[in-house]
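Note that the structure is predicted; figures quoted are calculated from it, not measured. Residue numbers start from 1 in every chain, and the chains themselves are labelled A, B, ... in the order their sequence lines are given, proteins ahead of strands.
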Amino acid sequence: MTVRTRFAPSPTGYLHIGGVRTALFNWLFARKHGGSFILRIDDTDSERNVDEALEPILAGLKWLGIDWDEGPGVGGPHAPYFQSQRAAGHKLAVEKLLASGHAYRDFARPEEIDLERKEAQAAGRPYLYSRRFAAFSPDEAARWAAEGRQSVVRLKMPREGSLVILDAVRGRVEFAWEREQDHVIQRADGSCLYHLASVVDDHDFEISHVIRAEEHLSNTPRQAFIAISLGYSLPAYAHLPLVAEPGSRTKLSKRKLAQYLKNPDFRQVAEHGNRIAERTGLAPEADTFNPVIVDFYREVGYMPWAIDNYLALLGWSLDDKTEYFSREELIASFSLERINSSPASFDPKKLWAVQDHYMHGLGADEKLAIMLPFLLKAKLIADPPPATALATVRKVIEASGDRLKVAGDILSYADFFLVAEPEMDPLAVQQKLAKPGVGELLSRYAQVLSKVTPFEPGPLEEVTKAFVAEAGIKLGDVIHPVRVAVTGKTVGPGLYDCLAILGVHEALARIGRALAACG
RNA sequence: GGCCCCAUCGUCUAGAGGCCUAGGACACGGGCCUUUCAAGCCUGCGACCGGGGUUCGAAUCCCCGUGGGGUCACCA
C-alpha cells in the first residue's frame, strides 16, 4: 500500500508547537515508508487574508525541514490544495449523501435546537435531536420553506449499533452510534463544514493514514460515517497524545502564555528569548513571539533540527537510551507502534538541553554562519560585514565555547568587541570597580599589560599570575575588575581571551576610561 | 453531565509475567574545580494512583474505584 499522509493546518498566522509535532510525525511516517506527505490548507471558514496568515506556517515548516510532496507552492496531481477551492466537490458529496438518505435537510432554527438541548439537559438525559424540523421529502421541505425557514444539511446518524476503529496508537476504540449527533455538514448558504470537507479531501488525496492529535478522536465516528456513507474505504487512524502544558496534562495553548510564565523553566526560556528579541528589533507587538509558537525559536536562534529531534521525543521513543538522531536515523527509526498514548507535556528546559547538544557539535565556521544574521539584525556589524569584524566574531565564538547555547547568544558575547565604547553594566561597575583601591590596582595592571608580547592568552595568563603573586592578592581580585573594565559586564569568555581579542591598544584604552568609575 | 482517551521519578520515557533492589535523559540537591557562566568533573535525591482478583510469581493481564485529559458549534 502506498503511504500518503497529510498535515492540514488552517491559516491562523502562526505555527503552534503541537501542530509541528503532528506535522513531523506525518512527515516521518511518509518518509519512512517512501510515501508522500501532503500539505492541505483547511481554510474553509476563513475570512481573513489567507496569504498573510499562511505564510508563517509554510515558512515555519520549511525552516524545520519538513518538506511536502504536494501542496501549496509545489502543486501536485490532486490540486488544488486549498480546501476553499474544493467546494464544488464538497457540495457534490453532500448531494450524494442527501440522495442516499444519509443526510437530510433540516429547517430548525438555531434557537429551536438550543431549546431541545437544554430540555434534555434539564431532564438529565443525553441530547438527541428530535428531527422534527427535518425534511425527508421534497413536500416536507416545501412546507417548511413556506414558513420562511432556511435549511442546513445534517447527517442522519445511525441510532443503533456501534463503530469500532482500530487506532494505530490506541488500539480498539468503540463508539455507540446513538451518542452521535446529527452534525451539520452544510450551511444554509451552501458552504460546507470542516468534517465533510476533510473526509472528502482525504479521500480525493488518497490519504492512507490519518495521523492527528487525540482531540480528533471523538470526531472520528462522524467522519467515519461520512466516509462509509460515501462508499469510501476508511483510512488507517493514529491519534497522537496531546502536547500538554509544562508540568500539566492540559492541552498546550497559545492563549495561556501568562499562566505558563509562572513555571520557572518556561519563564527562564521566555525571558532569555525576550532579551535576544529586544536586540534584534523584533516588533514588540509580535504575538507570535511566544515559546508556544515556532517563530519564537527561529527568532532566538535555535537550530531547526534540535526542535525536530526534541519534538520527536514528545510521545515517541525508540528505546530506553537513544535520544539524539540524525534526520536519516530518525526516519529509519520512526514507527507508529512506538508512539505513546498518554499526554506529553512540553518541557522547554529539555528542548534547551537538546539545542545545547546540537550547538555543541557545531564548528566555529558553522556557528559563525548561523550567528551572523543575528549580528546584522542587531546592527552590531555592518552589511556586508568587513573582514576584520568577521575575524573578531570568529575569535569570540571560539573563545566562548559552550557558552553560546543559541545563535542569538552571540549578541551578548560579541557586542563589547564590536562597539567602540561598550555600555557599562551599572551593577557590575558598582560591585567590581567602585571599591577602594581598585583604580590603583587597575593602573598597575595596565602597566604590566602594556609590556606583554605577544598579546595572547598564554602570555597574558602568565603575566597576570605573576602580577597577582607579587602583589600578594588573589587572582579573582584582579580578574573581576579588569573584566568589567574592558567588557562592561561580569560574564563573558575567559578574560585572557577577551584581552587578546581586543588587542593591547584597545584593552589599555578601556582600562584607562574605566579608571574614572573606580574607587 | 454524556461519550471517549489516559495513568512508571518534577518532566520526557524504558518496561509486552520472572532479566526490576524498576533503567536512561532533562531538571533539581550536594561536593570538587575555579576567572565570571544556564561551563566542566564527581555524586546524590527521586516513580509503578488505590483496592480487589488471575498466577508459583504482576509495573506488566482482568475488574472496580480514584484522578487527569479530550470532545460534545451552522470553528478548524
Side-chain angles (χ1 to χ4, degrees), chain A residues 8-12 42-46 83 106 108 110 113 117 120-121 124-127 150-154 167 169-171 173-176 178-181 183-189 191-195 197-198 213-222 239 241-242 244 246-251 264-265 268-269 272 310 313-324 340-354 356-357 400-403 405 409 413 428 432 461 464 474-480 482-484 487 489-498:
Chain A
S10 59
T12 51
D42 283 5
D43 56 349
T44 307
D45 185 52
S46 187
Q83 202 157 63
D106 181 48
I113 297 287
R117 188 171 321 177
Q121 211 163 32
R125 58 182 155 76
Y127 163 68
Q150 292 210 304
S151 70
V152 296
V153 177
R154 284 182 189 277
D167 190 278
V169 348
R170 269 146 234 286
V173 184
E174 181 168 2
F175 301 88
E178 61 176 345
R179 292 278 174 266
E180 299 297 322
Q181 303 300 324
H183 285 99
V184 174
I185 52 174
Q186 185 174 43
R187 299 184 182 90
D189 68 4
S191 62
C192 295
L193 267 2
Y194 167 75
H195 294 291
S198 184
E214 197 212 298
E215 59 197 278
H216 286 290
L217 186 55
S218 331
N219 296 152
T220 307
R222 79 182 85 155
H239 286 94
L242 247 28
S248 150
R249 309 237 127 175
T250 310
K251 185 166 73 168
D265 293 348
Q268 202 173 9
V269 165
H272 173 263
Y310 168 72
L313 263 16
L314 222 49
W316 175 86
S317 68
L318 176 62
D319 53 31
D320 59 340
K321 31 189 68 92
T322 318
E323 294 216 283
Y324 296 110
N340 230 68
S341 48
S342 51
S345 66
F346 176 67
D347 180 358
K349 266 301 188 47
K350 176 93 177 194
L351 204 202
W352 175 272
V354 174
D356 184 23
H357 173 266
S400 301
D402 298 340
R403 279 175 273 245
K405 305 294 187 190
D409 282 339
Y413 280 87
K432 307 293 182 189
E461 179 170 3
T464 305
K474 287 184 293 183
L475 195 56
D477 293 336
V478 54
I479 293 249
H480 298 305
V482 173
R483 174 190 298 286
V484 174
T487 71
K489 32 183 133 176
T490 56
V491 301
L495 180 65
Y496 310 124
D497 287 311
C498 288

Could you run down nucleotides 19-28 of chain B 5' to 3' and tag each one B, S or - for protein heavy-atom contact under 4.0 Å? ----BSBSS-
Just to verify, what does A/Lys489 make a salt bridge (Lys or Arg N to Asp or Glu O under 4.0 Å) with, not counting sequence neighbours? A/Asp415
Could you list the residues that satisfy side chain to side chain contact (heavy atoms under 4.5 Å, CB included) with A/Ser151, not counting sequence neighbours? A/Arg105, A/Phe107
Taking only nitrogen or oxygen atoms into account, show me every contact under 3.5 Å that the protein makes with nucleotides 71-73 of chain B, one pair per line with its distance.
{"from": "B/rU71", "atom 1": "OP1", "to": "A/Lys251", "atom 2": "NZ", "distance (Å)": "3.0"}
{"from": "B/rA73", "atom 1": "OP2", "to": "A/Arg117", "atom 2": "NH1", "distance (Å)": "2.6"}

When both hydrogen-bonding distances must be under 3.5 Å and the geometry is Watson-Crick or G-U wobble, what is B/rC41 paired with, if anything? B/rG31
Using purine N1 to pyrimidine N3 plus N6-O4 or O6-N4 for Watson-Crick, or N1-O2 and O6-N3 for G-U wobble, both under 3.5 Å, which nucleotide pairs with B/rC72? B/rG1
Under the ring-ring contact (aromatic ring centres under 6.0 Å, His included) test, residues paired with A/His183 that sit two or more places apart: none
Please name all residues satisfying side-chain hydrogen bond (donor to acceptor under 3.5 Å, both in side chains) with A/Glu215, sequence neighbours left out, ordered by chain then number. A/Lys251
Mind checking what makes side-chain hydrogen bond (donor to acceptor under 3.5 Å, both in side chains) contact with A/His480, not counting sequence neighbours? none
Those residues that, when tested against A/Arg187, pass salt bridge (Lys or Arg N to Asp or Glu O under 4.0 Å) (two or more places apart): A/Asp45
For A/Glu461, all residues meeting side-chain hydrogen bond (donor to acceptor under 3.5 Å, both in side chains), sequence neighbours excluded: A/Lys465
Partners meeting side-chain hydrogen bond (donor to acceptor under 3.5 Å, both in side chains) with A/Asp497 (sequence neighbours left out): none
With sequence neighbours left out, what residues match A/Asp356 under salt bridge (Lys or Arg N to Asp or Glu O under 4.0 Å)? A/Lys405
Between the protein and nucleotides 5-8 of chain B, which nitrogen or oxygen pairs are less than 3.5 angstrom apart?
{"from": "B/rC5", "atom 1": "O2'", "to": "A/Arg170", "atom 2": "NH1", "distance (Å)": "2.5"}

